[in-house]
4 protein chains.
Amino acid sequence: MSKSEKREEIVRAALEIIAEHGFHGAPIAMIASRAGVGAGTIYRYFANKDILIAALYQEIEERLYPFILRGYEPARPIRERFLHLGAALLRYCIENPLDFRYVEQFHNSPYGAALRRARLLGEGGERETFRALFEDGISQQVVKELPVTVLCALAFGPIFAVVRDHILDFTRVDDALMAKTVAACWDGIRR
Amino acid sequence: MSKSEKREEIVRAALEIIAEHGFHGAPIAMIASRAGVGAGTIYRYFANKDILIAALYQEIEERLYPFILRGYEPARPIRERFLHLGAALLRYCIENPLDFRYVEQFHNSPYGAALRRARLLGEGGERETFRALFEDGISQQVVKELPVTVLCALAFGPIFAVVRDHILDFTRVDDALMAKTVAACWDGIRR
Amino acid sequence: MSKSEKREEIVRAALEIIAEHGFHGAPIAMIASRAGVGAGTIYRYFANKDILIAALYQEIEERLYPFILRGYEPARPIRERFLHLGAALLRYCIENPLDFRYVEQFHNSPYGAALRRARLLGEGGERETFRALFEDGISQQVVKELPVTVLCALAFGPIFAVVRDHILDFTRVDDALMAKTVAACWDGIRR
Amino acid sequence: MSKSEKREEIVRAALEIIAEHGFHGAPIAMIASRAGVGAGTIYRYFANKDILIAALYQEIEERLYPFILRGYEPARPIRERFLHLGAALLRYCIENPLDFRYVEQFHNSPYGAALRRARLLGEGGERETFRALFEDGISQQVVKELPVTVLCALAFGPIFAVVRDHILDFTRVDDALMAKTVAACWDGIRR
DNA sequence: GATGAATGAGCGTTCATTCAT
DNA sequence: CATGAATGAACGCTCATTCAT
């Protein structure tokens, strides 16, 4: 196994186990054994468990962002752009439930809050795209005049809630329902 | 300190520490010391940590439910009823951020998922009220024809997201913004 | 409940619980609740748990000794005297299994060894009777010329072993088997 | 220290401390420190304390059995066979007092009773040898017609009692006394 | 005198991290 | 480099003992 393959195995194992059992249910020894490496080896790639956790979060973001931007055209009308981004986000989460579960676990830790706070100040990855969309929408008087954070809440809150229900098998989400959900989110933010 | 005061102190200490640091950041010894009691004392009131956690969740529910139903009139129009419930829910969370944080932690634990699943089957406390409202709304063709779980997501998702941002000081939520937020949620679910 | 009744209840409860569950399975709180008194009350009668344990042992000895001496006639022949004492001892243990179990637990604790050592030096209750019997037997050349401790071992060892098996339901001991067992013990020590 | 030496050290430390102080007087931390290892290390070799205790018992049995069978010839006369086994058993206990004390502690625990009960049903290690001997003896009309459990009591009861006295320094047991003791046991069971 | 709630030292056990091999 | 055995601090929990009522 090459060096980078090993790293990948570790990250994959951590994702699976943490998504499934949460942070407390994921001892380093279990991650190592699922990854097929020694426990000490993990510390060659990540200084400690917190850093592994943060790096994994990073990786997920780096998969998500290209996914939702694929085919995105900033020149299209606001509504169309929103429907594209919302649908892509929803689809990604439905198709990558481990990633979604992991991100939820992460945000629900002291660590996650720190990161979110840091994001507010600096550049925010895909956040920027949504921020630009909402600010365009406001200035074109297509979107409600609300703080961007609230618009985010109106747009993403329902999407993530639907994904949660889907993962817990409370709601079966198919393409049709995905479209309707995102459309309803648009109703929430549009003027 | 009287017997019931001691119990209350324990519950309050647990609420504060768990809301702030999560379940892993809240050892029994820390809860005990914050409550001003010995560690063993907690076990006179709660058989073990899990039961303390569940009891605290129960207590929060028992505070929340009466709060949001105060002044609720099931005979009023759907929209009005929704605005009442949504605003009350949002206000409760804003005014009781520890309760909100705690409930989030709880739902994000294996324990919480088990409870949610159990709720789906049996009677669900305040859930019933919302379910009735949404089903009324659908049959009166005032609300979108979507699964109740999705309507819940559209209604509560944004509310909880706004509360999260408020607690993290990302958004300052005043009465006006609360009203606008709930109104936007209504736009999301109404036909 | 009078003062001495209360003491008796405590001792009885301790006997039952310790005989059944051993010393670790017998917290003071459990003894108190079985005795129908408060936990603190036990400390009015016994300075601490060790002293309760020792006092209970004492009480059992004080029941056993009169029982085996009932009808004992030191003037009768050695063999007859031995059969009397052996049968009485065996019968007592079979009929009072809690006492027997307790004594076994006791002897198997650091405490029990200390007591046995103390006994060797001072006067030893019923031990004296047996010692006298064996020494008579040796001087009359009816009993093997062995140290008294070894004669005790030959006489009591099998009796206690049989009782253990009876209590664990490995052997059903009736009057006939009791007689045969004691007779065999006699064969062990007689010339 | 090699891996298997470490395991051995742990077992030896546990034997010493439990033999001396009983199960409650032998916390894991004390065993670890006597063994010269960290407390957590014990759990690499034994899943928990109960399993350590059971494994140690097993090891003692596996030392005892070969010892008493060394030079045993099933073709010799009953009496000779009994004297061989009895003397070997007695010698083993005298020479390995820690083993003896440990086994006594073990049998006097809920765990030990469970094992004894299990033994009654299945094959019983060295028990089988003694059982065969006694049954041979009965059918050859050399041994008293008593239940095997009672014959065991007559044979082993005195031996273990003598060992107890020896360990507590009540009786000094030398080769001559060992021989006499076993001979007396034979008198107890022979016709 | 009697109570039982309160205490906290001490238990068995886990697991992030280190380091000899 | 990679390993995984070793570590020990920290956890949840029990229970003998105390003491305010």
Side-chain angles (χ1 to χ4, degrees), chain A residues 1-3 6 23-33 36-53, chain B residues 1-4 6-7 10 23-33 35-53, chain C residues 1-3 6 23-33 36-53, chain D residues 1-4 6-7 10 23-33 35-53:
Chain A
M1 211 188 304
S2 83
K3 181 164 168 165
K6 209 162 265 188
F23 290 115
H24 12 297
I28 285 283
M30 188 186 290
I31 293 170
S33 110
V37 304
T41 306
I42 291 180
Y43 289 83
R44 300 222 138 267
Y45 295 90
F46 305 95
N48 58 47
K49 202 182 179 188
D50 283 355
I51 283 173
L52 165 58
I53 284 167
Chain B
M1 211 190 301
S2 85
K3 179 165 169 170
S4 69
K6 204 157 267 186
R7 200 196 122 103
I10 291 166
F23 291 116
H24 6 307
I28 285 284
M30 188 187 290
I31 294 171
S33 104
V37 304
T41 304
I42 290 180
Y43 292 86
R44 297 204 62 74
Y45 296 92
F46 305 96
N48 56 51
K49 201 185 179 185
D50 282 357
I51 282 174
L52 165 58
I53 285 167
Chain C
M1 211 188 303
S2 84
K3 181 163 167 165
K6 208 161 265 189
F23 290 115
H24 12 296
I28 286 283
M30 190 187 288
I31 293 171
S33 111
V37 304
T41 306
I42 291 181
Y43 288 84
R44 299 221 139 268
Y45 294 91
F46 306 96
N48 57 48
K49 202 183 179 187
D50 283 356
I51 283 175
L52 164 59
I53 284 167
Chain D
M1 207 188 305
S2 86
K3 178 164 169 168
S4 69
K6 203 157 268 184
R7 199 197 121 103
I10 292 166
F23 290 115
H24 6 308
I28 286 284
M30 189 186 291
I31 294 171
S33 105
V37 304
T41 304
I42 291 181
Y43 291 86
R44 297 205 63 73
Y45 295 91
F46 304 96
N48 57 48
K49 201 184 178 186
D50 282 358
I51 282 173
L52 166 59
I53 284 167

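Scope of the values below: all heavy atoms of this structure, side chains included, with no hydrogens, waters or symmetry mates. Everything numeric here is computed off the predicted structure, so don't read it as measured data.
For the atom pair CG of B/Leu52 and CD1 of B/Ile42, the computed distance is 6.5 Å after rounding to the nearest 0.5 Å. To the nearest 0.5 Å, atoms CG (A/Asp50) and CD1 (A/Ile53) are separated by 5.5 Å.
What you find for C/Asn48 and C/Tyr43 is that their closest heavy atoms are CA-CE2, 3.9 Å. Residues C/Ala32 and C/Ala39 approach most closely at CB-CA, 3.6 Å, considering heavy atoms. For the residue pair A/Lys49 and A/Phe23, the shortest heavy atom distance occurs at NZ-O, 3.6 Å.
For the pair A/Ile31 CD1 and F/dG4 P, the computed distance is 16 Å after rounding to whole Å.
Put simply, chain C comes within 4.0 Å of DNA chain E, heavy atom to any atom, from E/dG1 to E/dG4, going 5' to 3'.
For D/Ala35, the side-chain contact (heavy atoms from CB on, under 4.5 Å) criterion is met by D/Glu9, D/Ile10, D/Ala13, D/Val37, not counting sequence neighbours.
Residue contacts shown for A/Ile28 include a base, since a base heavy atom lies under 4.0 Å away.
In this structure, A/Ala29 and D/Pro27 both approach DNA chain E, and ranking their closest nucleotides by distance from the 5' end singles out D/Pro27. Between D/Ala26 and D/Thr41, the residue anchored closer to the 5' end of DNA chain E is D/Ala26, taking for each the nucleotide with the nearest heavy atom. For C/Phe23 and D/Lys6, each mapped to the nucleotide of DNA chain F holding its nearest heavy atom, the one lying further toward the 5' end belongs to D/Lys6.
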Secondary structure of DNA chain F per the Watson-Crick/G-U criterion (both distances under 3.5 Å; [ ] crossing, | other strand, . unpaired) is .||||||||||||||||||||
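Against DNA chain F, the stretch residues 42-51 of chain A makes heavy-atom approaches under 4.0 Å through A/Arg44, A/Tyr45.
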